[in-house]
Amino acid sequence: MVLVGLAVGTALALVAWLIPWLPDQGADEAGGIDNAYWLVTIICVFIFALVAGVSIYAVWKFRAAPDDEDDGRPIHGHTGLEVAWTIVPTILVTAISVYSGVVLTQIDDIPAEHRTVQVTAQQFAWTFTYPEAQLTTGQLVLPVNEPVELQLEARDVIHSFWVPEWRMKQDAVPGITTRLVITPNKTGTYTVVCTELCGLGHATMRARAIVMTQGDFQAWLREQREAAAAAGANQGKSLFTSLCGSCHTLGDAGSQGEVGPNLDNVLADADAQFVRESIVAPDAEIAEGFQPGVMPKTYGEQLSDQQLDALVEYLIEAVGGGE
Ligand code: CUA
């Protein structure tokens, strides 16, 4: 009986060990968080197994015989047991608090040398501003192995910033600036997820986070700055890339679009008036198969008249005059 239990337990533990429960670690902060998580999980699993095991054993071992009509023997406490079940949890909970406190201090620490990126959350999109480069984009691009302080702001309701591989998570709250320090340590493409139910488009509130080498990052910054400087003719295109491109496809006739409709379809025969209205008041007309309320309604305030004209002009040219 005990042997069978041991065998089953070992087999379960082995299977559990082989399952990749957590996403790959992509930031320096991930290690400490994972250790705290596993510390709590292992303690919980152990206590649960102990309580469940003793309960099942007691139910089986001390069950009443079919002809037993007597009351059970009166039991008046057990000092040793009571002391033990007070002291053991006290030690465990204290250990968890102390360890979590240590990890929290480590991951909250802002190194003197760090980059700052402003993150703006709104229903239902993320934008990222690089103050030194005076650059705003729709995707978060960071150099590897360099600490970055994200300053989070929200325009409307509470959102929450999370990249699973980096583990670090922070709310973006209207009216205040919250902070998050991350040191990505693996290049690659990740997904920024909103983890606070913020409205109809919550599930679609995602952005790309790209971690690249220092060299690639500097090149990217230069490219973005040049594109911004070359404004004029290219302004519409760069606005599209930074603001619209994470949800809408363009110049890809086969696509239906994912979060938002493929603009080749919905703007095919549109005039400037319609394109403008679709940007400023997106719910006025909704493409078939898509939900109202998902696209941000703030572009009318966010963009200047001149930027709006450039974007409209670019879109009309792209869907109509392209071929
Ligand atoms: Cu923003 Cu959920």
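Computed from a predicted model, the values in this text were never measured in an experiment. Computation of the quantities below employed the complete heavy-atom set of this structure, encompassing side-chain atoms and omitting hydrogens, waters and symmetry-equivalent molecules. Position 1 is the first residue of the sequence, and the numbers go up from there. Order of listing sets the numbers, starting from 1, for every ligand and every atom in it.
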Looking only at N, O or S atoms, find the one in Glu196 nearest to atom 2 (Cu) of ligand 1 and name it. O

Between atom CG of Leu152 and atom CD1 of Ile176, what is the distance when rounded to the nearest 0.5 Å? 10.0 Å

Which N, O or S atom name in His159 marks its closest approach to atom 1 (Cu) of ligand 1? ND1

CD/Glu288: more than 12 non-hydrogen atoms of other groups inside 6.0 Å: no

Between the OG1 atom in Thr187 and the CG atom in Asp216, the distance rounded to the nearest 0.5 Å is 9.0 Å

So which atom in Ala209 and which in Val163 form the shortest heavy-atom distance, rounded to 0.1 Å? CB-CG2, 4.5 Å

N/O/S atom of Ser160 inside 2.8 Å of atom 1 (Cu) of ligand 1, strictly under: no

Restricting to N, O or S atoms, which atom of His202 is closest to atom 2 (Cu) of ligand 1? ND1

Tell me whether the count of non-hydrogen atoms from other residues, nucleotides or ligands lying under 6.0 Å of CD in Glu313 goes above 12. no

Answer yes or no as to whether an N/O/S atom of Cys194 is found below 2.8 Å from atom 1 (Cu) of ligand 1. yes

